[in-house]
Amino acid sequence: MTAREEILRRVQAAFVRAPERPSTDTGGNQWIHRDYAHTRDLPDPLALFVERVQDYQATVIRTGPDGVAAAVAKSLAGARRVVVPHGFNPSWVPDDLDVVRDEPALRADELDAVDAVISSAVVGIAVTGTIVLDHTEGQGRRALTLVPDLHVCVVTANQIVGDVPEAVTRLSSPVSAGRPLTWISGPSATVDIELIRVNGVHGPRTLRVVLVESPTT
Amino acid sequence: MTSGRTINTATFLGIPPFPIAAREALADSQLRGNLRHATHTIRTKRARVAAELDDWEQLRVAAADIKDDVLGNMGHYLEQLEESLTRAGASVHWARDGAEANRIVIDIARRHRVEEVVKVKSMATGEIGLNAALEEAGISVWETDLAELIVQLGNDLPSHILVPAIHRNRSEVREIFLREMGKVGMPAEADLSDEPAELAGAARRHLREKFLRAKVAVSGANFAVADTGTLVVVESEGNGRMCLTLPEVLISVVGIEKIVPTWTDLEVFLQLLPRSATGERMNPYTSTWTGVTVGDGPQEVHVVLLDNGRTKVLADEVGRQALRCIRCSACLNVCPVYERVGGHAYGSIYPGPIGSILTPMLRGVGTDEATDALPFASSLCGACYEVCPVLINIPEVLVHLREKVVDSHRGGVPGTLQAAMTGASWTLGASRRLALLQRVAGLSGRLLGRRGLIGRMPPPLSRWTDARDVPAPPRESFRGWWARTDGDRKNAGPPPHTPRKGGEQV
């Protein structure tokens, strides 16, 4: 008997009686109580998003569409060699940067030698101050926003949702398409030594967020 | 073979049973201080962020229901997960037990001719002793979580699910880093201070060279989504992202209970887990991946589905709820027993209240003395059940397991407890015998008792009195008092205004 057969046999034997409740595929798991909040009624989601991101000691600059390049430049704070992923909005890239492209793909040690990375995102979550990347256009493959020590992330107002359930709903199609996701809530951190929070262990030690609002929002 | 750079990996084998280990832990005031600070800090933060969500209770109910659906239909979901993973380009392996899982991981590593693997903190791989097995096979293992690194370099054991090195203070960590890092890679700077930020910096430099060159990584998973084949790792430091992203080959060892049916179900767990675990609204990094993504991350992805006793737990009608556990460790942080003795006394990778039920069920009741002691390592106060985000009724399972432990000891040589119970049964079975014993006890109480308490009794009764004071037996038994005073009527007479009917009192 293979391990697979053996485990499935054990699983079946574990229930003397047939499972009391039918499973998802038959549409029979309607008994699951799902009366938690699926949306949150927030008076000002953008303000809350900013506040919650700042709670993690990440900085946020709010700007209109015309001010993005300047806000990114300010967030880079002098970093010169910057990775810019394929598909990142060219009008958001400041002048006078030593732009590093991931074409052909950079080796990990080459990535380790750049000063910063700029990327866009796909979703921002107000209640938790989280940014989610699905690593499509403008965000680069996962290593790009991981190895450099400074990550500047541009999020647009229409990407901000209230809480986790709304984000999970929006992310359902990239996940179904097999995209990997990275959820980022502040810079890398640890409390492993005496529970004292230290920012920056292995991921980027500094996270700066640029929030782009259209004039009407 | 490697060049002798491997670290001896400590195991929980040989840890004495809980009562003995607990006594040693209680004598360590440094440990108790660290634990008290840690557990109180995290539990306060947890309570604050849980209270922020007014649907917290509904989320807990939903989480318990979703996990119960998985447990009740485990076969279906396992097959669905296997199919989704395979479709996404992952290779699926099945492991009946830890040894089989370890062999699978070693075989994959050997096929790639690597001498080392990097590792994300994972409870499942700790449970099966993967590090020791890999090192025996000549493959070095680098733990990359800061706390796991401290534990590994110190040849030590984890003492908490979430902050495994919480028993170490900063100066101990500094000493370990200075002494050990150079033996296995980039040394710590000689002038390293004991500031946590500097220590974290030393870990960053030490591990970065390992991340950048690693070919094979090993991880666990917090969740495995059956309908999409997506695995989820929830972490803080970014070591997880490094391991999941940079190497060419990724092997994830996943307990079969980690399944959630659909992607949507994560909307419940990604709210409950970070708030319950570290008391944050969200942990710094959550990574999800679905098999192989062309051009991004490992191009060879393996998933090892691990039983190792989980189907035994599944077969226990009362105990199977323990498989809902999402390893948040909230129950450790509120437990009055854990707070005082720490994680090592539990002799298992799973300490605290959840360990007291999970370890005996995974290993099997009656396996050894240390395992059988665990269901008794609790005051049954119920604080664990109150905070559990998936509503595991830990006290209920503890009592159930105590019964199983007692049952498993029937028929052998009677222990002290059984002898005492047999004696009690004989004594209580006849009123004359009880009266006689009480007179003897009353006399001895006068000899033994100070301030109405007996502090110490000789073995085997010392096993009770070492941890508890016994009230000294009263000079006179109730039965003796009743016989002498006719229920106090001879001395005090009836209470005023009590009606009397023909000398009979109602």
Side-chain angles (χ1 to χ4, degrees), chain A residues 2-4 6-8 10-14 19-21 23-25 29 31-37 52 105 108-109 112 127-130 135 141-143 146 164-165 168-169 172 175-176 178-196 198 200-203, chain B residues 38 41 55 58-59 61-62 65-66 69 72-76 78 88 94-96 100 146-147 163 165 169-170 173 196-197 199-200 203-204 212 228 230 236-239 241-242 245-246 261 263-264 266-267 270-271 281-290 293 295-297 307 311 314-315:
Chain A
T2 64
R4 181 183 189 278
E6 172 72 21
I7 292 170
L8 289 174
R10 290 177 186 171
V11 166
Q12 196 163 19
E20 300 116 65
R21 290 145 171 167
S23 63
T24 314
D25 61 328
N29 61 353
W31 57 271
I32 294 177
H33 295 86
R34 293 187 188 271
D35 45 2
Y36 52 85
R52 294 285 156 92
D109 59 326
D112 197 31
V127 167
T128 62
T130 304
H135 303 282
R141 61 193 170 95
R142 284 172 285 170
L146 170 64
V164 173
V168 165
T169 303
S172 153
V175 167
S176 301
R179 301 300 316 165
L181 300 180
T182 306
W183 298 44
I184 299 170
S185 307
S188 156
T190 184
V191 290
D192 279 347
I193 300 169
E194 296 184 10
L195 283 188
I196 292 165
V198 174
V201 195
H202 304 295
Chain B
T41 306
D55 58 342
Q58 286 90 331
L59 286 166
V61 170
D65 281 359
I66 292 166
D69 177 34
N73 301 281
M74 181 67 90
H76 162 74
L78 276 170
W94 300 69
R96 279 166 277 222
E100 189 166 21
L146 177 56
V163 277
N169 61 30
R170 59 179 76 188
V173 174
L199 295 169
R204 178 187 171 94
L212 296 183
T228 60
T230 305
S236 294
E237 296 173 9
N239 63 307
R241 292 176 68 192
M242 289 279 179
T245 307
L246 296 184
W263 167 255
T264 306
L266 288 175
E267 69 188 15
L270 290 179
Q271 293 189 75
R281 298 186 184 104
M282 191 60 82
N283 50 291
Y285 298 134
T286 296
S287 297
T288 79
W289 72 101
T290 306
T293 308
D296 186 349
D307 180 351
T311 48
L314 195 63

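Only this structure's heavy atoms are used, side chains among them; waters, hydrogens and symmetry mates stay out. Order of the sequence lines sets the chain letters (A, B, ...), proteins ahead of strands, with each chain counted from 1.
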Colleague: Give the C-alpha distance, both sets of side-chain angles, the deciding distance and a yes or no for side chain to side chain donor-acceptor pair (under 3.5 Å) between B:Gln271 and A:Tyr36.
Modeller: CA-CA 11 Å; B:Gln271 293 189 75; A:Tyr36 52 85; over 6 Å; no
Colleague: Any chance you could measure B:Leu146, atom CG, to A:His202, atom NE2, to the nearest 0.5 Å?
Modeller: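 The distance works out to 6.5 Å.
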Colleague: Below 4.5 Å from any heavy atom of chain B, which atoms of A:Glu194 appear? Answer side chain, backbone, both or neither.
Modeller: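 When you check distances to chain B, atoms from both the backbone and side chain of A:Glu194 fall under 4.5 Å.
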Colleague: Would you say B:Trp289 and A:Arg142 make side-chain contact, with heavy atoms under 4.5 Å?
Modeller: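 Counting from C-beta outward, B:Trp289 and A:Arg142 do come under 4.5 Å.
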Colleague: Does the side chain of A:His33 come under 3.5 Å of the side chain of B:Asp65 through a donor N or O and an acceptor N or O?
Modeller: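 Yes, a side-chain donor-acceptor pair sits under 3.5 Å.
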Colleague: Find the distance between CZ (A:Arg179) and CG (B:Asp296) and round it off to the nearest 0.5 Å.
Modeller: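 Atom-to-atom, A:Arg179:CZ and B:Asp296:CG are 6.5 Å apart.
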Colleague: Roughly how far apart are B:Arg281 CZ and A:Thr130 OG1, rounded to 0.5 Å?
Modeller: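 Going from the CZ atom of B:Arg281 to the OG1 atom of A:Thr130 covers 10.0 Å.
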Colleague: As an exercise: rank B:Thr290, B:Thr288, B:Thr41 by heavy-atom pairs under 4.5 Å with chain A and give me the winner.
Modeller: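 Result: the option with the highest number of such pairs is B:Thr288.
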Colleague: For the interface with chain B, which of A:Thr182, A:Val164, A:Ile32 has the highest count of heavy-atom pairs at distances below 4.5 Å?
Modeller: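 Most heavy-atom pairs within the cutoff with chain B belong to A:Ile32.
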Colleague: Measuring heavy-atom distances to chain B, does A:Val198 have an atom under 4.5 Å in its side chain, in its backbone, in both, or in neither?
Modeller: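 The side chain, not the backbone.
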Colleague: Give, as side chain, backbone, both or neither, the part of A:Leu8 having an atom under 4.5 angstrom from any heavy atom of chain B.
Modeller: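 Looking at A:Leu8, just its side chain touches chain B.
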Colleague: What distance do B:Glu267 atom CD and A:Arg34 atom CZ have between them, rounded to the nearest 0.5 Å?
Modeller: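 Going from CD on B:Glu267 over to CZ on A:Arg34, the span is 6.5 Å.
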Colleague: How long is the span from the CD atom in A:Gln12 to the OG1 atom in B:Thr311, to the nearest 0.5 Å?
Modeller: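 If I round to the nearest 0.5 Å, the distance is 12.5 Å.
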Colleague: Going from CZ on B:Arg204 to OG on A:Ser188, what distance comes out if it is rounded to the nearest 0.5 angstrom?
Modeller: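 The distance works out to 7.5 Å.
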